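Quantities reported herein were computed from a predicted structural model and do not represent experimental measurements.
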Amino acid sequence: MPISEQQLAPVKSIGDAKINAVAGSGKTTTLVYYAQERANNKLLYLAFNKSVRAEAKRKFVALPKVTVETAHSLAFRSIVLPRKYTATNFNPTLSKMVKHFGITPYRDDALN
């Protein structure tokens, strides 16, 4: 399918670009063209959820320098795995979270 004039602008852009369009309008297809134009660059495609991520991975399969993640999978791979965090026996109360992260509460009674 040929690229439209609306898709061509972000594909040929230099620097940061923002694509704001409704579902099914061709955003991912535009980003595939964008990535093809920059095949030597590493790019991150951040998907809204796992099903969008799976679809995008299929579309970017021929572009090995494009990483497709969700925000959660990116955080998991970047933060949880390297530090070997586990979720076993995890019971996050507000007071435990405040203590763990060194947060100063706005008021003392907020922890009760």
Side-chain angles (χ1 to χ4, degrees):
M1 179 195 241
I3 190 166
S4 72
E5 286 297 320
Q6 290 85 2
Q7 290 171 307
L8 190 58
V11 168
K12 296 296 183 183
S13 69
I14 297 172
D16 295 337
K18 178 180 177 181
I19 300 173
N20 186 10
V22 298
S25 61
K27 294 181 297 291
T28 301
T29 301
T30 301
L31 291 171
V32 169
Y33 284 114
Y34 181 92
Q36 288 170 341
E37 288 283 320
R38 295 154 181 84
N40 293 325
N41 297 13
K42 287 184 177 183
L43 300 171
L44 173 65
Y45 178 100
L46 199 56
F48 179 72
N49 60 33
K50 282 168 56 171
S51 63
V52 172
R53 177 183 177 222
E55 181 184 341
K57 279 187 162 229
R58 286 189 296 274
K59 291 182 178 183
F60 286 103
V61 72
L63 296 159
K65 291 196 173 189
V66 176
T67 302
V68 180
E69 299 286 353
T70 63
H72 288 113
S73 67
L74 183 64
F76 184 81
R77 184 187 330 259
S78 302
I79 297 169
V80 176
L81 287 179
R83 291 167 181 81
K84 297 180 174 62
Y85 289 141
T86 63
T88 57
N89 298 325
F90 185 64
N91 183 16
T93 63
L94 181 56
S95 58
K96 287 180 186 177
M97 298 287 281
V98 165
K99 183 177 180 183
H100 177 79
F101 290 108
I103 299 168
T104 304
Y106 180 70
R107 345 180 285 268
D108 289 337
D109 64 340
L111 299 179
N112 297 329

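More than 12 heavy atoms of other residues, nucleotides or ligands shown are found within 6.0 angstrom of CZ on Arg38.
Between Lys59 and Thr28 the shortest heavy-atom distance is CD-CG2, 3.6 Å. For the residue pair Gln7 and Thr30, the shortest heavy atom distance occurs at CG-OG1, 3.0 Å. Here the shortest heavy-atom pairing between Arg77 and Pro82 reads O-CD, 3.2 Å. Looking at every heavy atom in both residues, Tyr33 comes nearest to Pro2 through OH-C, 4.3 Å. Between Val11 and Ile3, the shortest heavy-atom contact is CG2-CD1, 3.6 Å.
Take Lys27 and apply the salt bridge (Lys or Arg N to Asp or Glu O under 4.0 Å) test, not counting sequence neighbours, and it matches no residue.
If you take OG on Ser13 and NZ on Lys18, they are separated by 14.0 Å, rounding to the nearest 0.5 Å. Considering OH of Tyr45 and OG1 of Thr67, their distance stands at 13.5 Å, rounded to 0.5 Å. Taken to the nearest 0.5 Å, the CD1 atom of Ile103 stands 8.0 Å off from the CG atom of Leu94.
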Derivation and outcome, side-chain contact (heavy atoms from CB on, under 4.5 Å), residues Asn41 and Lys65: CA-CA 7 Å; Asn41 297 13; Lys65 291 196 173 189; over 6 Å; no
Please evaluate residues Phe60 and Leu43 with respect to the criterion side-chain contact (heavy atoms from CB on, under 4.5 Å), reporting the C-alpha separation (whole Å), side-chain torsions for both, the decisive distance (0.1 Å), and the verdict. CA-CA 11 Å; Phe60 286 103; Leu43 300 171; over 6 Å; no
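Taking a 4.5 Å side-chain heavy-atom cut-off between Ile, Leu, Val, Met, Phe, Trp and Tyr, the cluster of Leu44 extends to Leu46, Leu74.
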